[in-house]
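Atoms within each ligand, like the ligands themselves, are counted from 1 in listed order. All figures in this text were calculated on a predicted structure; none of them were measured in a lab.
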Amino acid sequence: MNDGRERLRIAVQKSGRLSEASLDLLRRAGLAFRASRDKLFLYGENLPVDVLLVRDDDIPGLLVEGSCELGMVGRNVLDEQRLAGDTATTPTRLLDLGFGGCRLAIAVPDGSAIDVPRDLGGLRIATSYPALLADWLRTQGIEAEVVLLTGSVEIAPRLGKAHAICDLVSSGATLAANQLHEIATVMHSQAVLASSPRPRSAAATQMLERLVARIAGALSGAGARLLMLQAPRAALPAITRLLPSREAPSVLGLDGRPDDVAMQALCNASLDWQHLEELKRLGARGVMVLNVERMLA
Ligand SMILES: Nc1ncnc2c1ncn2[C@@H]1O[C@H](COP(=O)(O)OP(=O)(O)OP(=O)(O)O)[C@@H](O)[C@H]1O
Ligand SMILES: O=P(O)(O)OC[C@H]1O[C@H](OP(=O)(O)OP(=O)(O)O)[C@H](O)[C@@H]1O
Ligand SMILES: [Mg+2]
């Protein structure tokens, strides 16, 4: 392991939009932690894995230098640092984590004459993501000036610092509150699991692969439902057609009841009361729905 360390390190955001969901996912992957006194470091009690609590902007750099083997960070932050090209090697994106969903968008003041991206030619755009914005402008063939602001980007047009902004949006409430509206999407983003490009020992690689498989398992279990029921054998085709199942259901015979079967189906989160009512109409009995906590392929 790097620097002779015996334990794997995973970096997550200390305090912000990704913090809670990142730690929750690690818990669902089976990690139990003990907090250090300064709360910047969580000691993994049941696996040789420790959690580093840092600013999200620092995570790509920590991975590149090998201070951490894994990190959970917004794709926007990862791609910005890759495009900014400070280092020859870049972290590897392993998994999309399904939280922290947002988009990097171009927005302009309500009532502005800027309607479409090409209207931005020759104007100033404020952003905290200069490399992503410059890359997008290049692909659109637009020459505009990029103005770097590290926060409160939405205020730039009112201050006369820029004609437009390029910032993260999810609900759109911040844009609306600042009398701005979107005219283009630069990228869609969500939190991702990324790994260090540094070489690591065979033992570290094995531990990393184990943890990544567990995280993937916790993710694929999320929202999944296990449906169990008994039904007339003749109703099986209609039941199978009805279900939002992820794979073919398992069907078992029942002792002394040749016309009936027991069935088990892994369904996605869209399985609802309407499905259950329909199942009952088709003759299903003893219908049970269980939330799936984790899965291992
Ligand atoms: N409005 C949003 N909705 C959903 N996800 C978002 C939103 N804004 C940002 N994110 C995602 O969450 C990440 C972290 O956002 P946050 O605002 O907590 O970061 P920060 O202020 O840079 O925090 P830090 O102090 O760690 O630097 C963003 O990089 C992005 O991937
Ligand atoms: O579309 P909305 O749902 O309104 O979200 C957009 C806002 O969320 C982010 O900031 P955040 O609230 O995380 O604060 P920050 O700028 O201090 O990071 C982003 O920078 C926008 O300002
Ligand atoms: Mg940050």
Side-chain angles (χ1 to χ4, degrees), residues 9-26 35 38-42 51-65 67-68 70-84 86 90-110 125-133 135-136 146-159 161-162 164-195 215 219 222:
R9 282 184 186 163
I10 177 161
V12 311
Q13 190 186 23
K14 178 174 186 285
S15 133
R17 285 180 178 265
L18 306 181
S19 309
E20 212 169 295
S22 302
L23 291 177
D24 180 58
L25 181 55
L26 287 173
D38 56 8
K39 297 260 175 58
L40 297 177
F41 186 87
L42 304 178
V51 182
L52 247 59
L53 301 174
V54 297
R55 294 271 319 261
D56 66 346
D57 317 63
D58 293 335
I59 294 176
L62 290 169
L63 291 171
V64 167
E65 71 194 31
S67 303
C68 292
L70 289 170
M72 290 180 176
V73 64
R75 186 167 178 180
N76 50 308
V77 171
L78 202 62
D79 285 2
E80 172 68 23
Q81 300 208 9
R82 177 175 52 79
L83 287 171
D86 305 335
T90 53
T92 309
R93 194 159 54 86
L94 300 176
L95 293 173
D96 287 339
L97 298 178
F99 57 86
C102 56
R103 56 193 180 274
L104 186 64
I106 307 282
V108 299
D110 295 345
I125 311 170
T127 190
S128 309
Y129 296 91
L132 283 168
L133 174 57
D135 186 61
W136 179 80
V146 177
V147 178
L148 178 65
L149 284 183
T150 55
S152 304
V153 172
E154 289 91 351
I155 210 166
R158 231 178 310 158
L159 298 177
K161 286 178 92 66
I165 66 162
C166 169
D167 198 14
L168 298 175
V169 181
S170 58
S171 68
T174 309
L175 290 184
N178 288 283
Q179 289 100 50
L180 298 164
H181 64 272
E182 284 175 69
I183 59 157
T185 301
V186 172
M187 79 175 288
H188 289 276
S189 181
Q190 63 174 294
V192 298
L193 178 71
S195 65
I215 292 171
L219 285 172

Query raised in the report: When you measure from atom 8 (O) of ligand 2 to every protein heavy atom, which one gives the shortest distance, and what is it?
Result: Arg17 NH2, 3.2 Å
Requested in this report: Hey, could you give me the CZ/CG distance between Arg82 and Leu132, rounded to the nearest 0.5 Å?
Outcome: 8.0 Å
Report task. Would you mind counting protein N, O or S atoms that sit less than 2.8 Å from the Mg ion (ligand 3)? Result -> 2
Report task. Taking the side chain as every heavy atom from C-beta outward, state whether Leu78 and Thr90 have any atom pair closer than 4.5 Å. Result -> no
Query raised in the report: Any idea which protein heavy atom is nearest atom 22 (O) of ligand 2, and the distance to it?
Result: Glu154 OE2, 2.7 Å
Query raised in the report: Under a 4.5 Å cut-off applied to non-hydrogen side-chain atoms, are Ile10 and Leu193 in contact?
Result: yes
Report task. Ignoring hydrogens, tell whether any protein atom lies closer than 4.0 Å to atom 17 (O) of ligand 2; use the non-hydrogen atoms only. Result -> no
Query raised in the report: Is atom 13 (O) of ligand 2 less than 4.0 angstrom from at least one protein heavy atom?
Result: yes
Query raised in the report: Heavy-atom distance under 4.5 Å between the side chains of Leu94 and Leu70, does that happen here?
Result: yes
Query raised in the report: Are Met72 and Val192 close enough that some pair of their side-chain heavy atoms sits under 4.5 Å apart?
Result: no
Query raised in the report: Is the closest N or O pair between Val169 and ligand 2 shorter than 3.5 Å?
Result: no
Query raised in the report: Are any of the heavy atoms in Gly172 under 4.0 Å away from ligand 2?
Result: yes
**Report entry** Side-chain heavy-atom pair Ile215, Leu26 within 4.5 angstrom cut-off
**Finding:** yes
Query - Sub-4.0 Å protein heavy atom near atom 20 (O) of ligand 2 - result: yes
Report task. Write down the atom of His181, the atom of Pro109, and the distance for their closest heavy-atom approach. Result -> CE1-O, 3.6 Å
**Report entry** Region of Val153 that comes within reach of ligand 2 [heavy atoms, distance under 4.0 Å]
**Finding:** neither
**Report entry** ligand 1: protein residues within heavy-atom distance under 4.0 Å
**Finding:** Gln13, Gly16, Arg17, Leu18, Arg55, Asp56, Asp57, Gly74, Asn76, Val77, Gly100, Gly101, Cys102, Tyr129, Leu168, Ser170
**Report entry** Within-4.5 Å side-chain heavy-atom neighbours: Val169 and Thr185
**Finding:** no
Query raised in the report: Is the closest side-chain heavy-atom distance between Val146 and Ile125 below 4.5 Å?
Result: no
Requested in this report: Identify, by atom number and element, the atoms of ligand 2 in contact range of Thr174, meaning under 4.0 Å from any of its heavy atoms.
Outcome: 2 (P), 4 (O), 5 (O), 6 (C), 7 (C), 22 (O)
Query raised in the report: At a 4.0 Å threshold, what atoms of ligand 2 neighbour a non-hydrogen atom of Ser171?
Result: 1 (O), 2 (P), 3 (O), 4 (O)
**Report entry** Beyond-backbone contact of Phe99 with Leu25, side-chain heavy atoms, under 4.5 angstrom
**Finding:** yes
Query raised in the report: Do you see a protein non-hydrogen atom under 4.0 Å from atom 2 (P) of ligand 2?
Result: yes
Query raised in the report: Do other residues, nucleotides or ligands put more than 12 heavy atoms under 6.0 Å from Glu182 CD?
Result: yes
